[in-house]
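Shown next, in structure tokens, is the structure this report addresses.
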Amino acid sequence: MSKTAAAQEVIAYMESLRNEEQRHILMRFFKTGPGEYGEGDEFLGLKVPQTREVVQAVAKDLPLNEVPILLMNRWHEVRLCGLLVLVEKFGKQATKRLENHEAATRNRDEILKMYLQFAEQANNWDLVDLSVHKILGHWILLPTLLGDRSYKIKVLDSLAQSENLWKQRMSMVCTWKTSQMGDPFWCLRYAEIHLHHPHDLMHKAVGWMLREMGKRVSIDLLRDFLHQHAHEMPRTMLRYAIEKMSEKERQYWMTIKTN
């Protein structure tokens, strides 16, 4: 297949790699059964490194207007391919040299708008976690022609307040990037918003992002958050948040939760 393959060619190529044994493993792992969070999702049986190889070999230079064909596909791995293509395209427009370049800024905004338009197609935790911080999270930190900081907050708030679990997860996991770059505001804001979320997948996401914020920005900020909220945090969320602390400190916070 040529390096300038169209979306339908990429799909056909990925379908040719189908692995029946791996497909069944993935369908169990990603909870695709009735009533489970990934109910009805369909897999080809490709591991993530295989999908990344497809992106690098044949898909990364797809025209932007072809990417929705991948994002709307029935196969989980094809949708992941589409998301990773957007990650590639965004990264190329977000280098230090292009941060303040007007054309690059416009291109980033277009990629971001497409990502949000098709957000519901990222309908499992891996699809969110492999893409959102590198697109939405990075976009938050960069110049945009779409609006000021309050506009960016509005974008994330709309995801956080959505009834869609995966959009809610996007609002939290995108803060992985903002914490990596030393800005704790976003993590703390959305951790507080999702503090009483009913789903275990969000408990894990919030705890994970708090832990990353503590590691990348300030352990004292994490402790401040825990002093305010440890007593009301779901147990899984708290465990994830304190995972890298000493055993003695972990016991301290878990005791606060128990009491």
Side-chain angles (χ1 to χ4, degrees), residues 10-60 67 69-88 115 118-137 159 162-177 190-191 194 197-212 234-244:
V10 173
I11 294 166
Y13 177 61
M14 294 184 75
E15 287 176 338
S16 76
L17 301 173
R18 180 173 174 143
N19 181 321
E20 203 63 29
E21 183 181 351
Q22 184 67 20
R23 189 173 79 85
H24 290 294
I25 293 170
L26 292 173
M27 287 175 69
R28 286 194 300 273
F29 183 73
F30 286 107
K31 308 293 185 186
T32 62
E36 295 182 310
Y37 61 73
E39 180 177 357
D41 203 356
E42 297 184 85
F43 286 78
L44 288 167
L46 277 63
K47 295 181 179 179
V48 172
Q50 287 179 281
T51 303
R52 289 193 185 280
E53 285 174 11
V54 172
V55 172
Q56 292 303 318
V58 296
K60 65 181 180 180
V67 178
I69 298 170
L70 303 180
L71 298 177
M72 292 301 297
N73 192 261
R74 63 185 281 203
W75 301 116
H76 183 104
E77 297 92 336
V78 174
R79 296 196 303 281
L80 175 58
C81 180
L83 292 167
L84 294 178
V85 169
L86 291 183
V87 167
E88 281 282 331
Y115 186 77
F118 292 94
E120 290 188 19
Q121 295 305 110
N123 59 345
N124 215 312
W125 57 264
D126 63 317
L127 301 178
V128 172
D129 296 359
L130 290 169
S131 61
V132 72
H133 60 297
K134 294 183 177 180
I135 299 175
L136 179 57
L159 293 171
S162 164
E163 294 183 0
N164 181 283
L165 173 63
W166 310 115
K167 288 184 176 182
Q168 293 165 357
R169 189 174 174 99
M170 283 180 173
S171 71
M172 193 69 241
V173 178
C174 76
T175 71
W176 193 2
K177 182 68 172 182
Y190 294 98
H194 293 305
H197 197 286
H199 204 293
D200 181 66
L201 280 176
M202 285 302 294
H203 300 171
K204 292 175 180 176
V206 173
W208 170 30
M209 290 302 107
L210 284 168
R211 185 181 74 228
E212 287 299 309
R235 186 169 292 271
T236 298
M237 186 186 295
L238 180 57
R239 276 210 202 96
Y240 270 62
I242 64 177
E243 190 176 33
K244 297 300 182 183

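Hydrogens, waters and symmetry mates are skipped; everything else that's a heavy atom, side chains included, is used.
For the pair Glu120 and Trp166, the minimum side-chain heavy-atom distance is 4.5 Å or more. Trp176 has its side chain out of reach of Val132: every pair of non-hydrogen atoms, C-beta onward, lies at least 4.5 Å apart. The closest side-chain heavy-atom distance from Met170 to Ser162 is not below 4.5 Å. Taking the side chain as every heavy atom from C-beta outward, Val10 and Val85 never approach each other to under 4.5 Å. Annotation: side chain of Leu44 is in contact with side chain of Val78 (closest heavy-atom distance under 4.5 Å). At a threshold of 4.5 Å between non-hydrogen side-chain atoms, the residues Asn123 and Arg79 count as touching. Counting only heavy atoms from C-beta outward, the side chains of Ile11 and Ile69 approach each other to under 4.5 Å. In this structure, Val55 and Val87 have side chains that are not in contact, with every pair of non-hydrogen atoms separated by 4.5 Å or more.
Using modelled atom types, one finds no donor on one side chain facing an acceptor on the other under 3.5 Å when comparing Thr175 with Tyr190.
Residues forming a salt bridge (charged side-chain N to carboxylate O under 4.0 Å, His left out) with Glu243 (at least two apart in sequence, or on another chain): Arg211. With sequence neighbours left out, the salt bridge (charged side-chain N to carboxylate O under 4.0 Å, His left out) criterion links Glu53 to no other residue.
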Checking Arg18 against Trp75 for the side-chain contact (heavy atoms from CB on, under 4.5 Å) test, could you report, in this order, the C-alpha distance in whole Å, the side-chain angles of both residues, the deciding distance, and whether it holds? CA-CA 11 Å; Arg18 180 173 174 143; Trp75 301 116; 3.3 Å; yes
Dump the intermediate steps for side-chain contact (heavy atoms from CB on, under 4.5 Å) on Leu130 and Leu83, then the final yes or no. CA-CA 8 Å; Leu130 290 169; Leu83 292 167; over 6 Å; no
Please lay out, stage by stage, how Val173 and Trp208 fare under the test side-chain contact (heavy atoms from CB on, under 4.5 Å). CA-CA 9 Å; Val173 178; Trp208 170 30; 4.1 Å; yes
Run the numbers on Val48 and Leu80 for side-chain contact (heavy atoms from CB on, under 4.5 Å), then give the verdict. CA-CA 9 Å; Val48 172; Leu80 175 58; 4.2 Å; yes
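Atom CG of Asn73 is separated from atom CD of Gln121 by 9.5 Å, given to the nearest 0.5 angstrom. Here Lys47 contributes atom NZ and Asn19 contributes atom CG; the two are 8.0 Å apart, rounded to the nearest 0.5 Å. From Ile242, atom CD1 reaches atom CG of Leu210 across 11.5 Å, with rounding to the nearest 0.5 Å. Of the inter-residue distances, the one linking Lys204 atom NZ with Thr236 atom OG1 reads 7.0 Å to the nearest 0.5 angstrom. Interatomic distance, CE of Met209 versus CE of Met172, reported as 7.0 Å (0.5 Å rounding).
Just one of Lys177, Arg169, Lys134 meets the salt bridge (Lys or Arg N to Asp or Glu O under 4.0 Å) condition when paired with Asp129; it is Arg169.
Between Cys81 and Leu70, the shortest heavy-atom distance links the atoms SG-CD1, 4.1 Å. Taking each heavy atom of His194 and Met237 in turn, the nearest pair found is O-CE, 3.8 Å. Between Glu77 and Leu46, the closest heavy-atom pair is OE2-N, 3.1 Å. Among all heavy-atom pairs drawn from Tyr115 and Ser131, the shortest one is OH-OG, 2.7 Å. Gly45 approaches Leu26 most closely through the heavy-atom pair CA-CD1, 3.8 Å.
His203 contributes a side-chain N or O that, together with a main-chain N or O of His197, makes up a donor-acceptor pair within less than 3.5 Å. The main-chain N or O of Asp126 is never found under 3.5 Å from a side-chain atom of Asn124 such that the two would form a donor-acceptor pair. With Glu39 contributing its side chain and Gly35 its backbone, the two residues share a donor-acceptor pair below 3.5 Å.
Phe30 and Phe43 have parallel rings, their planes meeting at less than 30° on a 0 to 90° scale where 60° marks the start of perpendicular.
Judged as a side-chain hydrogen bond (donor to acceptor under 3.5 Å, both in side chains), the pairs with a partner in residues 21-36 (not counting sequence neighbours) are, in order, Glu20-Arg23.
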